[in-house]
Amino acid sequence: IGFQVIVEFLNNRHEAISDQKNKFNTVRSLLEEASNQYDEVFEKLADELGKLKLKQRHSLIDPDKFITPANIAGGKSLIEAFLSELSVLESKQSDVNDRDQIKDVVLEIFADKVGEGFNRKELEEIYKAGEKRYENNIPPGYKDKSKQGFYTVEDKELIRKYGDLVLWKEIVRKAKADAISCVVLVTGDIKEDWWLEKRGKKLGPRKELLNEIYTEAPCVQTFYMYDTASFLKHA
């Protein structure tokens with residue numbers, strides 16, 4: 001993994017854990033709201049259907065066949081079962097003050113497999129080029145132009161909005177330095193500043209990215225990109 005990736009992983013993990021934990025409250029609120037409105041919805045539905053006098057005025061439509069006390073209770077029991085399971089799952093979900101076992105596993109897997117970061121002068125040059133690239137919507141990273149803040153690593157400031165561009169430059173440098181002929185990038189980033197998309201389908205990396213890596217690292221013969229789900233599916 002790139003140096004930029006491990007920096008973002010270590011700095012953002014508490015936010016990610018907190019977001020996962022907060023999702024339980026969000027889902028619980030939606031379920032409780034649905035449960036509270038459930039009886040009211042069916043009462044209203046039965047009242048409106050009653051006004052149509054279907055038994056007297058229609059020979060085919062029979063709402064009593066479907067809207068029964070048993071069916072209504074069955075639907076509500078599904079919500080209650082979901083709520084019960086949610087509580088069990090929440091008790092197993094790590095919180096920000098728990099030992100981060102995922103971090104331990106990731107650091108073990110990628111020991112001695114993390115790319116080399118850029119020095120201060122190199123970063124300054126990337127940031128300067130990044131300003132012009134973002135003004136002209138040249139990928140990658142311009143969709144992050146509104147991001148604020150930076151990460152401090154040793155004597156360097158890694159500006160967050162240029163994170164994708166820094167990673168991309170790491171990839172190109174790695175390919176060139178090691179004379180790699182085939183590069184596969186697996187990323188969870190699905191924004192348009194990485195992907196060529198037509199009719200809602202991702203067709204592959206942006207053409208600007210292909211042109212850049214093939215030009216700056218002529219050893220590269222093939223460059224592929226997968227989003228995480230696609231990579232896991234094909235792997």
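From a predicted model like this one, the values you see are computed outputs, not experimental measurements.
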Within the structure provided, determine whether [X] and [Y] are in side-chain contact (heavy-atom separation under 4.5 Å).
| X | Y | answer |
| --- | --- | --- |
| F118 | I126 | yes |
| W195 | M225 | yes |
| T187 | D227 | no |
| R133 | L165 | yes |
| R13 | V106 | no |
| E116 | R173 | yes |
| E125 | K121 | yes |
| K76 | S35 | yes |

Apply salt bridge (charged side-chain N to carboxylate O under 4.0 Å, His left out) to the pair E48 and K51, showing each step before the final yes or no.
-> CA-CA 5 Å; E48 293 298 321; K51 292 177 182 178; 3.5 Å; yes
Could you tell me whether R28 sits above the aromatic face of F82, with NZ or CZ closer than 6.0 angstrom to the six-membered ring centre and within 45 degrees of the axis?
-> no
Salt bridge between K169 and E216, side-chain N to carboxylate O under 4.0 Å?
->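 Yes.
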Return the [atom1] to [atom2] distance between [X] and [Y], rounded to the nearest 0.5 Å.
| X | Y | atom1 | atom2 | result |
| --- | --- | --- | --- | --- |
| T222 | I213 | OG1 | CD1 | 10.5 Å |
| I102 | D100 | CD1 | CG | 6.5 Å |
| L31 | N36 | CG | CG | 11.0 Å |
| L107 | I6 | CG | CD1 | 5.5 Å |

Would you mind telling me which of F150, Y142, Y127 makes a ring-ring contact (aromatic ring centres under 6.0 Å, His included) with Y162?
->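 Checked F150, Y142, Y127 against Y162; only one passes ring-ring contact (aromatic ring centres under 6.0 Å, His included): Y127.
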Would the distance check show the side chain of [X] and the main-chain N or O of [Y] forming a donor-acceptor pair, the cut-off being under 3.5 Å?
| X | Y | value |
| --- | --- | --- |
| D178 | I180 | no |
| S18 | H14 | no |
| R160 | Q148 | yes |
| Q4 | G117 | no |
| N119 | E122 | yes |

Qualifying residue, where the test is side-chain contact (heavy atoms from CB on, under 4.5 Å) with E192 and the options are E197, K202, K143 |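 Going through E197, K202, K143 one by one, the side-chain contact (heavy atoms from CB on, under 4.5 Å) with E192 is satisfied by K143 alone.
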Shared hydrophobic cluster for [X] and [Y] (ILVMFWY, side-chain gaps under 4.5 Å):
| X | Y | answer |
| --- | --- | --- |
| V5 | F231 | no |
| L196 | V186 | no |
| L83 | V41 | no |
| L209 | I190 | no |
| V220 | V184 | no |

Short side-chain donor-acceptor distance under 3.5 Å, D193 and Y134 = no
Y226 and Y224 aromatic ring geometry - parallel, tilted or perpendicular at 30°/60° bounds =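 Perpendicular.
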Please work out which of the three classes, parallel, tilted or perpendicular, describes the rings of F223 and W168, given edges at 30° and 60°.
->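 Taking F223 first and then W168, their aromatic rings stand perpendicular (interplane angle over 60°).
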